[in-house]
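Quick note on labels: first sequence line is chain A, next is B, and so on, each numbered from 1.
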Amino acid sequence: MHDIRFIRDNPDAFDRALARRGLAPEAKRLIALDELRRAKILELETAQARRNAASKEIGEAKKNKDEEKAKGLLSEVAALKETMPKMEVEEKTASKALDDALAQIPNLPLDEVPDGKDEKDNVEHHRCGAKRNYAFAPKQHFELGEALGQMDFETAAKLSGARFVVLKKGVARLERALGQFMLDVHTSEPHNYTEVAPPLLVLDQTMFGTAQLPKFAEDQFHFFPDEVLREHARQTIEIVWKQALDFVTERGMAGARAKEGTFEKGEFDYRVNPDRRWLIPTAEVPLTNLVRESIMDEAQLPMRVTACTPCFRAEAGAAGKDTRGMIRQHQFTKVELVSITTPEQSKDEHERMLSCAEEILKRLDLHYRVVTLCTGDMGFASQKTYDIEVWLPGQNMFREISSCSVCGDFQARRMNARYRSKDRNVRHVHTLNGSGVAVGRALIAVMETYQQADGSIAVPEALQGYMGGLKTIEKQ
RNA sequence: GGAGAGGUGGCUGAGCGGUUGAAAGCACCGCACUCGAAAUGCGGCAUACGGGCAACCGUAUCGGGGGUUCGAAUCCCUCCCUCUCCGCCA
């Protein structure tokens with residue numbers, strides 16, 4: 001969420017930054033909404049000030065037994081109160097219009113972020129490790145997993161539909177080992193993140209805080225309690241029934257077809273609904289919101305937290321993409337890193353976070369590269385993002401395994417997360433998040449990288465302690 | 001799920017219809033005292049929004065929303081949350 005005062009003071013810079021993301025200018029429209037809002041506030045507050053002053057005068061007049069004066073004031077307040085409800089509604093409407101518009105606008109890229117349209121314009125930052133040579137044609141992870149009898153997509157589809165998997169035996173344990181290993185690395189020196197086990201189900205305002213809402217609702221899984229859905233259905237039917245009745249009364253049955261499709265949905269607010277819960281698409285959501293609506297002490301910053309959680313994504317826009325294998329699932333495990341910092345700390349923290357994520361791949365001895373995302377490929381809340389792409393020999397390409405973003409105060413504004421600086425001022429914190437790393441995709445990378453000619457998987461040294469000393473995953 | 005108690009500033013805690021944005025204490029900041037520190041004394045100390053070049057002024061906020069009233073932290077309704085007891089349950 002942007003600060004409207006910044007936009008007011010720097011409309012051209014704001015629009016130029018949006019243009020770098022390939023977006024149309026917004027400053028003029030936003031400033032107009034803001035002016036309307038402020039005019040309405042002024043109008044309302046002037047009336048309230050008069051009402052309050054008059055009320056005090058009434059108190060005094062009554063104390064002085066000046067009934068005449070009290071009466072006059074009373075009628076003045078009565079007249080004022082006639083017009084005030086309308087002002088209140090107008091003020092609320094104007095403020096909401098501005099807030100809604102602001103909530104739809106993505107964060108601005110930092111100066112050093114490369115301009116570009118899509119992932120083809122991302123810029124390689126550096127590489128680590130090298131492609132291995134195989135004396136055979138390397139297979140993809142699902143070929144390996146299915147041949148081992150430890151990765152079962154068909155059964156998963158029976159249970160849950162497409163984009164789920166059932167893991168078994170060594171492969172299941174390998175996934176667990178990866179998560180444990182990553183958490184252990186991040187919670188010890190020198191990374192020093194604090195381990196957190198957060199809720200996986202969150203409220204609307206929490207999803208709004210990290211900017212999954214309102215714009216990306218279709219990418220998420222959510223649910224309402226049954227009684228809320230029943231009530232909604234009841235209201236909708238009532239409204240449709242009434243509209244149909246009105247229409248028929250007005251024009252007779254013959255004209256009814258013409259109006260097809262125009263029946264409105266009920267007055268069910270899909271934007272903020274206190275009865276709704278969302279499955280988290282990433283632990284970034286609960287971890288970042290840990291500090292929502294609070295004022296931190298500067299001494300507590302930077303605050304670093306990590307969690308290993310399941311993540312749930314509807315993958316609505318990815319129909320037909322990566323349909324084979326575990327690359328793109330509705331449910332996957334991920335270790336997430338989140339830092340809460342002061343504005344001065346966030347840029348260094350971003351580099352630090354990237355190196356923490358890289359450390360995992362180094363210890364697993366996986367080949368990867370780091371790219372700086374271009375303006376057109378960055379996420380909604382991000383000011384700057386590094387992706388880590390791991391080499392998959394079976395797929396013969398680099399695939400994203402981590403994404404580290406610095407969000408500035410964009411999320412902090414939405415969450416109202418602040419800190420008290422040493423000079424006693426209260427300011428918004430900066431937030432950062434990154435995968436450290438995606439466990440599902442790390443599993444894929446390990447399987448494809450460590451595959452052997454006979455289809456077995458060598459267990460990386462760093463993981464053997466987590467696998468009870470197991471050195472090879474083989475068919476059983 | 002049932003019964004009861006309660007939600008006030010960073011914390012503890014008063015207020016229960018009219019200079020109460022809110023006593024008092026703690027914490028914190030400044031000053032004095034001191035070679036320094038402690039102790040003590042004096043002063044300061046909420047957030048957001050709006051207006052103003054500024055000094056400053058206004059509005060809102062005592063869990064959320066709604067109502068009564070000229071006026072609500074105080075009265076009424078409703079929702080949420082916390083605690084205690086009972087029931088159910090992984």
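- Residue A:N52 is in sugar-phosphate contact alone, with no base atom involved, counting any heavy-atom pair closer than 4.0 Å across all strands shown.
- In this structure, A:I4 and A:V77 both approach RNA chain B, and ranking their closest nucleotides by distance from the 5' end singles out A:I4.
- An OP1 or OP2 oxygen of B:G10 is reached within less than 4.0 angstrom by no side-chain nitrogen or oxygen of A:R420.
- Looking only at atom types and distance, the side chain of A:T341 has no donor-acceptor partner in the side chain of A:E349 under 3.5 Å away.
- Separating the C1' atom of B:U8 from that of B:U74 is a span of 11 Å, rounded to the nearest Å.
- For A:R418, a side-chain nitrogen or oxygen approaches OP1 or OP2 of B:A48 to under 4.0 Å.
- Looking at heavy-atom distances under 4.0 Å, A:R50 makes no contact with the nucleic acid at all.
- Summarising the geometry, the separation between CD on A:E298 and P on B:G10 is reported as 18 Å, rounded to the nearest angstrom.
- Between A:R37 and B:G50 there is a side-chain N or O to OP1 or OP2 distance below 4.0 Å.
- The residue among A:A54 and A:I41 whose nearest nucleotide of RNA chain B lies closer to the 5′ end is A:I41.
- Using a 4.0 Å heavy-atom criterion, one finds that A:I58 contacts the bases of the nucleic acid, with or without backbone contacts as well.
- For the pair A:K81 and B:U69, the criterion of a side-chain N or O lying under 4.0 Å from OP1 or OP2 is not met.
- Here, B:G66 and B:G15 have their P atoms 28 Å apart, quoted to the whole Å.
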